[in-house]
Each structure stands twice: as C-alpha cells, then as structure tokens.
Amino acid sequence: ISEQQRLISMLQAELSTRQESTPGRSDPTFSNDLIKGSSEIVVRLLETIRKVASTDATVLIRGESGTGKELLAQTVHLNSPRCDGPMIAVHCGALSASLLESELFGHVKGAFTGATSDRKGRFELAHGGTLFLDEIGDISMETQIKLLRVLQERRFEPVGGTTPIEVDVRLVTATHQDLEKLIRQGKFREDLFYRLNVISVTSPALRERDDDVIELAEHFLRLAAKRTGKAVVHLDDEVIQALRLYRWPGNVRELENVIERAVVLADGPSIGLA
C-alpha cells in the first residue's frame, strides 16, 4: 500500500508540474504528446518549437544520438500548416552517395543498371509537406551541391532525367556532428550550412535533463508492459535512485532499452535493482 501511495503522489506531482509549465496549456492547439518531460530545459525547447512550427522556416536540429531528434522533427510537422501533408524521413547516414541521390531525387527508367522503371524521390513524395533529413552531416559533397540547388531553386531533375520537377517542401534536418568543424575540414559546404541553419534547436542530452529521467522511465515502463503483456507496474526505490545517478551516454534511447529489458526479465509486478 505504501508503494502504491508513493507512486500516486509522484504521478500527481508530475501532472501538476505539466499543467503549470508545459507549453500548450495556454495554447490548446499545440500538440507536444511526442516529447515527454517537464524539466525547465524541455519546457524552453517546446516553447521554441511552438514558435517555429507555425512558420515555413528551415530547421536544423542538433544533439547527441538517442536524444529524440526525429520526434522533435515530427512535432514541428504536426504543429505546422503542413500537418495534413506528408512527412517523409530519410536517414542519410545509412545510404551511399549514389543511393542517397536516387532516394532524394528519384530516377528515370534506364538511368543506371537495375533502374527498370521510373521512381519518385523523397522530395517529390514530400510535396506539400515536410522532408526530414537525419544525419545531414554524413552526405557527400556531390549530394550537398545538388541539395543546395534544390533549396535555392525549389526544383530538381531526377537521376538520368532532363525534365525539372518543382516541389513545395519544408526541410527539417538533424545531425549529431559539429557542422562548423566539418566546414573547417572541407567536408561540408558553408553555403549549404547557412541555408540549413535558419532556425537551430538543440535536443538536450538526458544527463542535462535528469529531472525527467523517472518520468521517462515510467512512460517506457507502461509501454513495455503493454507490449509484453506483463503486469509490471512500478520501479523499486533502489531502481529510481540508480536511474537518477547514471549518466546515460546513450540518452533516451538507452533508457528505453534498459527499461524494456528489465520488464522482459522481471518476475513480479515491480522492477528491482537486480
């Protein structure tokens, strides 16, 4: 009973904090359901996102891996005038230069070996909506040149094609790299950087928002319990203390994986330190 009373008190305090400080309370049209946390740094971040989302400005999201940069991009899209349009995501670091070019701009039949038919690129698929390019710092110099041209002219030619295609796309990019350092090393174009860095926001590391660790842990606990069908409902006090003291180098993604693993291995209704 005392454990349940402690959990109820914690959840009531969390709800009170959210209602008092989270952006969107005074603006019911702002949706921030994807971003969990009520720490001061998250409150300031969401307030910036609220202001930015209503515009059509290009957004660059910085932050370490695992901090939820794609969730921020989705929040921008969902609160923008383009919310009824598509949001297309491309993970640039997972593709070679040639594949990325075809992925972004599409290709025509016969453009290269294996191109048996015309294929629309992600820019064209995102027309009227938002295109999210994750790990923008990993793209090749050749692709950077073509991307810069699209941003300047709002049109492009598919790989192997000659007919320009005009697009109306809002661009949101993300990176964990130091783009200014890449510019000094000659690995990233300065003119493209200025095109992308119209609005810059930083997704904070979890160690910078340690007040949110338990709120996030309990959120992931509920999700993992639902997925696994297990009646795991709370965290022991020793676990809460351990979660708060850990520095989380893998950020929110690491916390989510830790909680899911603990739920899978748990034998009872609570997560113990073991």
Side-chain angles (χ1 to χ4, degrees), residues 3-25 28 30-50 53 61 63-79 89 174 201-274:
E3 281 294 314
Q4 292 301 314
Q5 289 174 335
R6 180 191 62 80
L7 180 59
I8 290 170
S9 297
M10 182 183 299
L11 292 174
Q12 287 175 334
E14 173 191 326
L15 180 60
S16 176
T17 302
R18 285 187 184 183
Q19 289 175 337
E20 291 173 0
S21 61
T22 304
R25 179 167 171 79
F30 180 73
S31 171
N32 60 353
D33 295 338
L34 296 176
I35 309 300
K36 303 299 179 182
S38 51
S39 61
E40 183 179 352
I41 193 170
V42 171
V43 169
R44 292 199 305 267
L45 174 63
L46 288 174
E47 180 62 19
T48 300
I49 294 296
R50 184 186 66 81
I61 303 173
E64 298 176 11
S65 296
T67 55
K69 295 187 290 294
E70 185 165 354
L71 294 179
L72 286 178
Q74 291 176 11
T75 302
V76 170
H77 173 72
L78 291 173
N79 289 281
V201 297
T202 299
S203 184
L206 188 53
R207 63 183 175 275
E208 298 172 347
R209 46 182 293 208
D210 51 7
D211 289 345
D212 293 331
V213 169
I214 304 307
E215 180 181 335
L216 287 164
E218 291 176 340
H219 169 68
F220 293 138
L221 175 65
R222 291 189 291 269
L223 293 180
K226 183 177 181 180
R227 282 196 299 266
T228 59
K230 300 183 70 173
V232 184
V233 294
H234 68 91
L235 308 168
D236 288 351
D237 289 341
E238 297 85 354
V239 172
I240 290 175
Q241 181 70 6
L243 294 176
R244 284 176 170 158
L245 291 176
Y246 187 57
R247 299 302 291 165
W248 299 106
N251 293 297
V252 178
R253 185 181 296 126
E254 181 185 10
L255 174 60
E256 182 177 12
N257 293 337
V258 164
I259 296 298
E260 182 173 3
R261 181 168 66 247
V263 169
V264 170
L265 297 177
D267 292 321
S270 65
I271 300 294
L273 193 58

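In what follows, residues are counted from 1 in the order of the sequence shown.
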Inset, instruction - Would you give the length of the straight line joining atom CD of Glu70 to atom OG1 of Thr75, rounded to the nearest 0.5 angstrom? - result: 10.5 Å
Legend entry - Distance, nearest 0.5 Å, that separates CD1 of Ile35 from CG of Leu71: 5.0 Å
Inset, instruction - Quick one: pull up CD1 in Ile49 and CG in Asn32 and give me the separation to the nearest 0.5 Å. - result: 11.0 Å
Legend entry - Gap between atom CG of Asp211 and atom CD1 of Ile41 - 0.5 Å precision: 10.5 Å
Inset, instruction - Locate the shortest heavy-atom distance separating Ala205 from Thr67; write the atom from each residue and the value. - result: CA-CG2, 3.9 Å
Legend entry - Side-chain heavy atoms of Glu218 within contact of Arg222, under 4.5 Å: yes
Inset, instruction - Please report the shortest heavy-atom distance between Ala217 and Leu243, naming the atom on each side. - result: CB-CD1, 3.8 Å
Legend entry - Student check: side-chain heavy atoms of Leu273 and Asp236 closer than 4.5 Å: no
Legend entry - Side-chain donor or acceptor of Glu215 paired with backbone N/O of Gly37 under 3.5 Å: yes
Inset, instruction - Answer yes or no: is there a side-chain heavy-atom contact under 4.5 Å between Asp210 and Arg244? - result: no
Inset, instruction - Taking all heavy atoms of Val263 and all of Ala224, pick out the closest pair and write down the distance. - result: CG2-CB, 3.8 Å
Inset, instruction - Of all the heavy-atom pairs spanning Leu45 and Thr202, show the shortest one and how long it is. - result: CD1-O, 3.7 Å
Inset, instruction - Among residues two or more places apart or on two chains, list those pairs meeting side-chain hydrogen bond (donor to acceptor under 3.5 Å, both in side chains) that have a residue in residues 245-255. - result: Glu64-Asn251, Tyr246-Glu254
Inset, instruction - With rounding to the nearest 0.5 Å, note down the distance linking CG in Leu265 to CD1 in Ile271. - result: 8.5 Å
Legend entry - Close side-chain approach of Arg209 and Val252, heavy atoms under 4.5 Å: yes
Inset, instruction - Verify, without hydrogens or angle tests, whether Lys69 (side chain) and Gly63 (backbone) share a donor-acceptor contact under 3.5 angstrom. - result: yes
Inset, instruction - Show your working on salt bridge (charged side-chain N to carboxylate O under 4.0 Å, His left out) between Glu47 and Arg44 and close with a plain yes or no. - result: CA-CA 5 Å; Glu47 180 62 19; Arg44 292 199 305 267; over 6 Å; no
Inset, instruction - Report the distance from atom CG of Leu216 to atom CG of Leu221, rounding to the nearest 0.5 Å. - result: 12.5 Å
Inset, instruction - Determine whether Asp212 and Lys36 make a side-chain contact, defined as any pair of heavy atoms from C-beta on separated by less than 4.5 Å. - result: no
Legend entry - Minimum side-chain heavy-atom gap Leu34-Leu78 below 4.5 Å: yes
